[in-house]
Amino acid sequence: MTDMHTAAQLVFCLALIEFSYTPIFGQYVYQTQVAMIFIKMILSEVLEAFTKDTLLIAPLDCAVSMTEMFISLGADSFIDFIISFFLGLAIDVCERLYIDPLVRKLEAVVPRYVAKLTERVRPGQVLVQQEKTKEQEKEESVVENILDDVKGYSADFLAILVTPVVIVVMMVYRTELEISALYGIRDTDLIFYQTFQVLILLSTVVVQVFIHQIQGMIELT
Amino acid sequence: MMCRITTTEITYGWRLKDYFAFAAWKFSNRQLPWKLKEGETDEAVGEPDRPLACMCFSSQYYFTMFMASFSIMMLAFGVEIMLRKSYNMFADPIFVPLSLIIVAVCVSNTSVNILPISLLL
C-alpha cells in the first residue's frame, strides 16, 4: 500500500513537471497555480481515504509544494516567475485564511448531514453510531485540528527550506533535464532564480507568522 | 512561530503550547530510540492521525518528511532524465544486479539502522 502511495505521489509530480514543459503552461501559468489548489486538495483527500494515515500524506504536501516552486521556473520570463511567486503567496494566504477552515468545517458538517439523510432513508441504523461519535467528537476534533494545522505548516516550511537544494540539484543536472531548451532559461541565468529562492527564505517565514496573526484577527472579529 | 501558536490558541481555544509541551515530554520520554516504533495508543486522536501524533512533530518527524519528500523529487528528476534521454533502464544489462544490490542494502538497513540512530540521538 505504501509503495502504491509513493508511486501515486511520483506520478503526480512527474505529470506536473511534464505539464510545465509544455507551451500551454507558459501561457497559463497563473491559471495553473489557481487550479493547483483544488487539484492538491482532491488528491490529498483521495490518498487519505485510501491510506487512512495522515503521516503518509504529509510528504506528499511537501513534495507537491516543492514541485510547484520548481515548475514556476517554466514561466515565460523572470518577471513572470516573480509575479507567479507573489500570486502563489497570495493563494497561500487565501488558502490558510479561508479555504482550509472552510474545508475543515465541511468535513465536520457533511458527515452529519449524510448521517441524517441515511437516518431518514433507513431509520434506526445510524443512531447507535451517532451516540458513540458525539461523545468522542469534541476531544477528537480539537487534537485533529491541531495536528492538521501543524502538519500543513510543517510541510510548507520544509518545502521552503528544501527548494533551494532542489534547484541546486537541477542546476547540476541542467543538461540532462534539458532546462535550457524546455524552460528557455540560459544556464548562466539559473543563478538568479537560485538567489531569489534563497533571498525569500527568511521573508517567507515572516509572512507565515503574519498569516497566522491575520488568521487570529479574522476569527476574532 | 510563537506568534502563530499564541494567536491560534487564542482564536480556536486549542491549547497548542500545552500540546507541544506534552509532545516534547512524550518524545523525550520515549521507550524506543525510533519513536514511530512505539505506536500511538491515545484514543483522543483519530485512527488516521495516530502515526502523525506519535511522531510528536519532533526532529525525527522532520527528518522523515525531508527524506520522503526529497526522495520523491529526486525520483521524479531521475525518471524525467530517463524520459528525456529515451533511456530504457530495463534494457540495461546492469539493471538486475543493481536492483538486487539496492534491495539487499534496503533489507540490511532496516535491521541495522537502530544502532546509528541511537548513537545520533
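Quick caveat, the model's predicted, so the values are computed rather than measured. Naming convention: chains lettered A, B, ... in sequence-line order (proteins, then strands); numbering from 1 in each chain.
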Legend entry - Heavy-atom proximity to chain B below 4.5 Å, by part of Ala155(A): both

Inset, instruction - Report the option among Glu178(A), Met170(A), Glu48(A) that has the most heavy-atom pairs separated by less than 4.5 Å from atoms of chain B. - result: Glu178(A)

Inset, instruction - Calculate, to the nearest 0.5 Å, the distance between atoms CG and OG1 belonging to Asp49(B) and Thr54(A) respectively. - result: 4.0 Å

Legend entry - Shortest non-hydrogen separation from Ser69(B) to Cys62(A) and the atoms involved: OG-SG, 3.5 Å

Inset, instruction - Can you sort out the partners of Val198(A) under side-chain contact (heavy atoms from CB on, under 4.5 Å), two or more places apart, ordered by chain and number? - result: Pro164(A), Gln194(A)

Inset, instruction - Can you run down the salt bridge (charged side-chain N to carboxylate O under 4.0 Å, His left out) pairs that involve residues 163-174 of chain A, sequence neighbours left out, and say none if there aren't any? - result: Arg174(A)-Asp187(A)

Inset, instruction - Against chain B, label Thr175(A) side chain, backbone, both or neither, depending on which of its atoms sit under 4.5 Å from a heavy atom there. - result: backbone

Inset, instruction - Give, for atom OG of Ser154(A) and atom CZ of Phe57(B), the distance between the pair rounded to the nearest 0.5 Å. - result: 5.5 Å

Inset, instruction - Anything in residues 74-86 of chain B with a heavy-atom distance to chain A below 4.5 Å? Please list those residues in order. - result: Met74(B), Leu75(B), Ala76(B), Phe77(B), Val79(B), Glu80(B), Ile81(B), Leu83(B), Arg84(B), Lys85(B)

Inset, instruction - Any chance you could lay out the side-chain contact (heavy atoms from CB on, under 4.5 Å) test for Phe157(A) and Met65(B), step after step, and finish with the verdict? - result: CA-CA 11 Å; Phe157(A) 185 67; Met65(B) 281 273 288; over 6 Å; no

Inset, instruction - Please look at Met73(B) and chain A and tell me whether the side chain, the backbone, both or neither of the residue comes under 4.5 angstrom of a heavy atom of that chain. - result: side chain

Legend entry - Structural part of Leu158(A) lying under 4.5 Å from a heavy atom of chain B: side chain

Legend entry - Exceeds 12 heavy-atom contacts within 6.0 angstrom, atom CG of Leu100(B): yes

Legend entry - Residue selection (most heavy-atom pairs with chain B, distance under 4.5 Å) from Thr67(A), Asp61(A), Val64(A), Leu55(A): Leu55(A)

Legend entry - Part of Leu161(A) lying under 4.5 Å from any heavy atom of chain B: neither

Inset, instruction - Can you establish whether the number of heavy atoms outside Phe95(B) located under 6.0 Å from its atom CZ is more than 12? - result: yes

Legend entry - Partner residues of Tyr87(B) under the ring pair (Phe, Tyr, Trp, His ring centres under 6.0 Å) criterion, sequence neighbours left out: none

Inset, instruction - Give, as side chain, backbone, both or neither, the part of Phe70(B) having an atom under 4.5 angstrom from any heavy atom of chain A. - result: both

Inset, instruction - Using a cut-off of 6.0 Å, state whether more than 12 heavy atoms not belonging to Phe196(A) lie near its atom CZ. - result: yes

